Trainee: 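Once you've had a glance at the structure underneath, I'll fire off some questions.
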There are 2 protein chains.
Amino acid sequence: MTEYPVGATETTARVVEALAAGGETGVTELAEEIGLSKASAHNHLVTLQRLGVVVSEDGRYRLGLRFLDVGTTVRDRLPAYRAAREELTGLAESAGETVGLVVAEHGSAVYAAVRRPERNDRRVQTGSRLPLHATASGKALLSARSPEAVASYVEETTLAARTDRTIQTASALRAELRSVADRGLAFDRGEAFEGVRGVAAPVRAEGEAVAALTVVGPAARLSGKRLEEDLTGLVLSAAKRVELTLAE
Amino acid sequence: MTEYPVGATETTARVVEALAAGGETGVTELAEEIGLSKASAHNHLVTLQRLGVVVSEDGRYRLGLRFLDVGTTVRDRLPAYRAAREELTGLAESAGETVGLVVAEHGSAVYAAVRRPERNDRRVQTGSRLPLHATASGKALLSARSPEAVASYVEETTLAARTDRTIQTASALRAELRSVADRGLAFDRGEAFEGVRGVAAPVRAEGEAVAALTVVGPAARLSGKRLEEDLTGLVLSAAKRVELTLAE
DNA sequence: TCTACCTGTTCGGTAACAGTGAACGAGTCG
DNA sequence: CGACTCGTTCACTGTTACCGAACAGGTAGA
């Protein structure tokens, strides 16, 4: 068996990925980029265009907004998102920092929604993916998992480092997760991005952590009492409220 | 030549579409829904899962948030969106109604962004698609096109009706677009949804209408002076400001 | 416990087709 | 006007996407 049962779909995915990364492109350029014949690249582009995923303008191709459509539809189906939507805006206002709702997917922490009072920072945006072990929200999500589940996560990801503060050993992660589980709170002190800190609280439903609420921002502003008491309190109480809404 | 050069990709698209419409599903159910053998449906699902697009949980499959990722990436690349982002929130506040940034794609008006002061209405959300001729924003976008381009649009879409107020003849559309072009403004009076009205102004760049700013809401609130003077003025001036930002 | 019947998954076989390389038309630059 | 580009089309062929059937694993009911 090969890697992917349907090879052509994998090729299409490579095309889409290249378009997502590089923006507008021509056929030849794309074909070279993903190592495909010009004819085949053209076939995929035409197919995607007919499907309404790609738009073409005088010989150049780029992705359309179809993905946005599907993406928001999927997100709107998440119970955690529906329950947290209003709470998020409230949290963003009271915290005065960028806040997000994060869910775990394929071993990554995915920002399902972001509310940002300041527009400067594009490092965290809706759809962003970061390693679970390198973010406050990710650790909050991991903290509710069984030791075996955490062990298999460690095995799969090998705890890739993003900064020199990123947790890189299984034992350090276990210890951290224990303290996170105890406090119902996780911190990120420059573990995903240099100089970026965060707090996160899990949103639990039926024993599982289905999502995490998080506040992130520059270390300069997120420190001392503000981080460890004020923001922490806000995130915790917001998460509790979301849990209540979620439980009906 | 068939309809789609790459048949397998079209099949995958059918799978994704079914998942987007129906939410979580099993293999057998999906196979029946899209008229595919169980084995083939399974192959596609496994492929999509390996690609990180689909997540599976004890035998059931659903779409993940990958689409949200690429969707926001694509949107963030739109110059019109970057220019209008802040203006949108301002407009939402001053108008006190749901506002949106709309672009044309494949003959549809697509909401690239939505700011909604009230959360009740889910008919218009980010990624929503509506016919160009049935919405204020769509007509604003069409109004800048050449007569030939409009004619080919009419031919492609046959001006499908959504309500009994929807413009359904080519001559009526031409007349409407002329008045829209003259005033730099378009209205929607229940043409897309019964009881929903809207105003829109095109955002022009180099002669083309690259996007449209729109305010939408219930007819009960959008009428008389408020619609025709207050909101109209707000949308117009906001669009002008976006145009200025866009021109650098 | 056994049976019957759901699932999801795996397994050959074959006809369709995804991918190739080369040729074609249409711009564009020198 | 030639010599490049580019996007698109065309036949060919080895691959493979799809099918039908068998397999595995769980649940419901008697």
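In this text the structure is predicted, and so the values were computed from the model without any measurement. Numbers restart at 1 for each chain; the letters A, B, ... are given by sequence-line order, proteins then strands.
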Trainee: Which whole-number value in Å describes the distance from A:R60 CZ to D:dG7 P?
Mentor: 7 Å
Trainee: Expressed as a whole number of angstroms, how long is the span from B:E57:CD to C:dT7:C1'?
Mentor: 17 Å
Trainee: Sort by first number and list every stem of DNA chain C: at least 3 consecutive Watson-Crick or G-U wobble pairs, both distances under 3.5 Å.
Mentor: C:1-24 with D:7-30, C:26-28 with D:3-5
Trainee: Could you pull out all residues at least two apart from B:E17 that satisfy salt bridge (Lys or Arg N to Asp or Glu O under 4.0 Å)?
Mentor: none
Trainee: In whole angstrom, what separates A:E10's CD from D:dA17's P?
Mentor: 10 Å
Trainee: My understanding is that only residues two or more places apart in sequence, or in another chain, count here; which of them pass side chain to side chain donor-acceptor pair (under 3.5 Å) with B:R82?
Mentor: none
Trainee: Which residue pairs satisfy the side-chain hydrogen bond (donor to acceptor under 3.5 Å, both in side chains) criterion with at least one member in residues 204-214 of chain B, sequence neighbours excluded?
Mentor: none
Trainee: Over all heavy atoms of both residues, which pair between A:G127 and A:V110 is shortest? Give the atoms and the distance, please.
Mentor: O-CG1, 4.1 Å
Trainee: Where along residues 25-34 of chain A does a heavy atom come under 4.0 Å from DNA chain D, residue by residue in number order?
Mentor: A:G26, A:V27, A:T28
Trainee: Any side-chain N or O of A:H42 under 4.0 Å from OP1/OP2 of D:dG7?
Mentor: no
Trainee: For B:D58 and D:dG25, give me the distance from atom CG to atom C1', rounded to whole Å.
Mentor: 13 Å
Trainee: Tell me which pairs pass ring-ring contact (aromatic ring centres under 6.0 Å, His included) where either residue lies in residues 20-61 of chain A, with sequence neighbours left out.
Mentor: none
Trainee: Applying salt bridge (Lys or Arg N to Asp or Glu O under 4.0 Å), can you list everything that pairs with A:R241, at least two apart in sequence or on another chain?
Mentor: A:E87
Trainee: Can you give one letter per nucleotide of nucleotides 18-25 of chain C, going 5' to 3': B for a protein heavy atom under 4.0 Å from the base, S for sugar-phosphate only, - for none?
Mentor: SBBB----
Trainee: What heavy-atom pair brings B:V210 and B:L141 nearest, and what distance separates the two atoms?
Mentor: C-CD2, 4.2 Å
Trainee: Which atoms form the tightest heavy-atom contact between A:A201 and A:A140, and what is the distance?
Mentor: C-CB, 4.2 Å
Trainee: If the condition is salt bridge (Lys or Arg N to Asp or Glu O under 4.0 Å), which residues does A:R60 pass it with, not counting sequence neighbours?
Mentor: A:E24, A:E29
Trainee: Tell me which donor-acceptor pairs under 3.5 Å the side chains of residues 173-180 of chain B have, and how far apart each pair is, sequence neighbours excluded?
Mentor:
unit_1, atom_1, unit_2, atom_2, d
B:E176, OE2, B:K139, NZ, 2.8
B:S179, OG, B:E176, O, 3.4

Trainee: Could I get the full list of salt bridge (Lys or Arg N to Asp or Glu O under 4.0 Å) partners for A:E57, not counting sequence neighbours?
Mentor: A:R62
Trainee: If the threshold is 4.0 Å, N to carboxylate O, is there a salt bridge linking B:E105 and B:R129?
Mentor: yes
Trainee: Name every residue in residues 12-23 of chain A that has at least one heavy atom under 4.0 Å from any atom of DNA chain C, in order of residue number, or write none if there are no such residues.
Mentor: none
Trainee: What's the separation between atom NE2 in A:H133 and atom OG1 in A:T166, rounded to the nearest 0.5 Å?
Mentor: 6.0 Å
Trainee: Does C:dT7 have its OP1 or OP2 closer than 4.0 Å to a side-chain nitrogen or oxygen of B:Y61?
Mentor: no
